[in-house]
There are 2 protein chains.
Amino acid sequence: MAKIASTVYEQIRTAILSGELSNSERLVEEDLAVSLGISRTPVREALRRLAAEGLVDVSPNRGARVAEWDADDLREIFDLRSILESHACELATPRASAAEIAFLENICDEMEALAKTELSSEQRLPALAAKNRIFHGKIIEISNSSRLGLLIETLIHVPIVMQTYKVYSPQALERSLRHHREIVTAMKAGDEVWAANVMRAHVLAAREEVLGRNEAD
Amino acid sequence: MAKIASTVYEQIRTAILSGELSNSERLVEEDLAVSLGISRTPVREALRRLAAEGLVDVSPNRGARVAEWDADDLREIFDLRSILESHACELATPRASAAEIAFLENICDEMEALAKTELSSEQRLPALAAKNRIFHGKIIEISNSSRLGLLIETLIHVPIVMQTYKVYSPQALERSLRHHREIVTAMKAGDEVWAANVMRAHVLAAREEVLGRNEAD
DNA sequence: TAGACCATCTTTGTATACAAATAGAGGAAT
DNA sequence: ATTCCTCTATTTGTATACAAAGATGGTCTA
């Protein structure tokens, strides 16, 4: 994709994922274009691309809105993630090099250290969420299945999923980090079934956290 | 998507899936536009959409080509299909109504009847392939997970996958039909693990057929 | 006052025009 | 002959203009 179109794509996408744009907000091509100082053409292209990824809904002749997700969507998303990410573990385990295992262990160290600091939640949680994404992403990368990575990406690029850690209780966070550690241990031991099982439990636990918190609202 | 853009999208897509366009053929916006008697704008939109679905590759400033798939891609695709479609079986089994089971049994009957006719391969195989797609699609529909359906769709909308039956030997075809029958039996019995296992074996068997034939070339 | 209908205004869909980037051919230098 | 360069032709990327479809608001009628 070209320069301007891909830039505006990133901008709108980031705004949606961060929750800055939401509530099925209308995305009017002309408005976006003038506010960015460009023409409608690249804006339109960006919106269609976001639509293909499921981040916006477009109806013919009626324009684009930021997509919405309900509890059923989240159930589906986390179920599929649990299946696909555990498969990624299965594929990654026999392929992981010592350096890659060390990389994962290092992320575990960093996350555990972060969890113990006295920083405020506002500083700590985004940092933890970022490292969490790197952890999961690394396993997918080691699995060496580009399509698997793409499928998972379409599932996790949803505001609520991206902000999972924001709803975590201290207990849930601690359990999450224990899961990470156990996954790496299983991979290091070359036990792909173990690794896959823990990953499945890990993602399903996240599902319960997110759904529980959301239904409480 | 609008009238013209979605029409040209369907046209190009069908041409790619049928194998009519292939060999990483270049897709020049202007050429497509004049041959269809329209402007570049909707052509461009259709191409970007096809790119998002993975049917065409686009590089910035260098245009679009029909995508290509090698043996590794096919391995990946069938592996993921085996996981996702067996999950669909798992979800579908407890949900399937008597009418839906009857529908699936009916497709099994029709496919078995078709396999026995004395029609030439050129007539029989496309008909079998169409019914096969309906069979798999129905199970996904019963599973009631729209995202799962979308993920599988992106995997199977690949020329070689769509034309799987064309490379089937009579033995492979027979085994495929037996699998279908067993899947329905398992679903009818409410045994989701059985159904899922057969589906996994079914898809992996297809993988072997397709890969074997392709490597023989 | 409620509801339907019409005019208008906004917004999307498509066409065309222009700018920028890339590919390819031809020629010059070594 | 080979390599590098430049110039041109082709093709993509963006802007603008126009057409068509929806939304909106007000008025008229019952």
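Everything quoted here is computed from the prediction, not taken from an experiment. Proteins come first, then strands; the chains are lettered A, B, ... in the order of their sequence lines, and each starts at number 1.
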Whole Å only: how far is the OH atom of Tyr9(B) from the C1' atom of dG13(C)? 19 Å
Would you check if the side chain of Ser59(B) reaches a backbone N or O of Arg62(B) as a donor-acceptor pair within less than 3.5 Å? no
In this structure, how many angstroms lie between the C1' atom of dT11(C) and the CG atom of Leu27(A), rounded? 13 Å
Write down the distance between CD (Glu45(B)) and P (dT14(C)), rounded to a whole number of angstrom. 7 Å
Take atom CG of Asn61(A) and atom C1' of dA21(D), then tell me their distance rounded to the nearest Å. 5 Å
Taking only the side-chain heavy atoms of Arg26(A) (C-beta and beyond), determine which of dT11(C), dT14(C), dT14(D) contains the nearest atom. dT11(C)
When the distance from CG of Leu32(B) to C1' of dT11(D) is rounded to whole Å, what number comes out? 13 Å
Take the protein atom CD of Glu30(A) and the nucleotide atom P of dG22(D), then report the distance between them rounded to whole Å. 20 Å
Looking only at the side chains, is there a donor atom on one of Ser97(A) and Glu100(A) sitting less than 3.5 Å from an acceptor on the other? yes
Take atom NZ in Lys138(B); do more than 12 heavy atoms of anything else shown fall under 6.0 Å from it? yes
From Glu45(A) CD over to Arg48(B) CZ, what is the distance, rounded to the nearest 0.5 angstrom? 4.0 Å
May I ask you to say what Leu47(B) touches in the nucleic acid, namely base, sugar-phosphate or nothing, with a heavy-atom cut-off under 4.0 Å? nothing
Which pairs, protein N/O on one side and nucleotides 15-18 of chain C N/O on the other, fall under 3.5 Å?
unit_1, atom_1, unit_2, atom_2, d
dA15(C), OP2, Ser39(B), N, 2.8
dA15(C), OP2, Ser39(B), OG, 2.7
dA15(C), O5', Ser39(B), OG, 3.4
dA15(C), N7, Thr41(B), OG1, 2.8

Can you tell me which nucleotide in dT11(C), dA23(C), dT14(C) comes closest to the side chain of Arg62(B)? dA23(C)
From CZ of Arg44(B) over to C1' of dT12(D), roughly how many Å is that when rounded to an integer? 6 Å
Just the rounded figure in Å: distance from C1' of dT14(C) to CD of Glu29(A). 12 Å
Can you label the angle between the His136(A) ring and the His180(A) ring as parallel, tilted or perpendicular, going by 30° and 60°? perpendicular
Check the side chains of Asp79(A) and His87(B) for a donor-acceptor pair under 3.5 angstrom, ignoring hydrogens and angles. no
Minimum heavy-atom separation for His179(A) and Val198(A), please, with both atom names. O-CG1, 3.8 Å
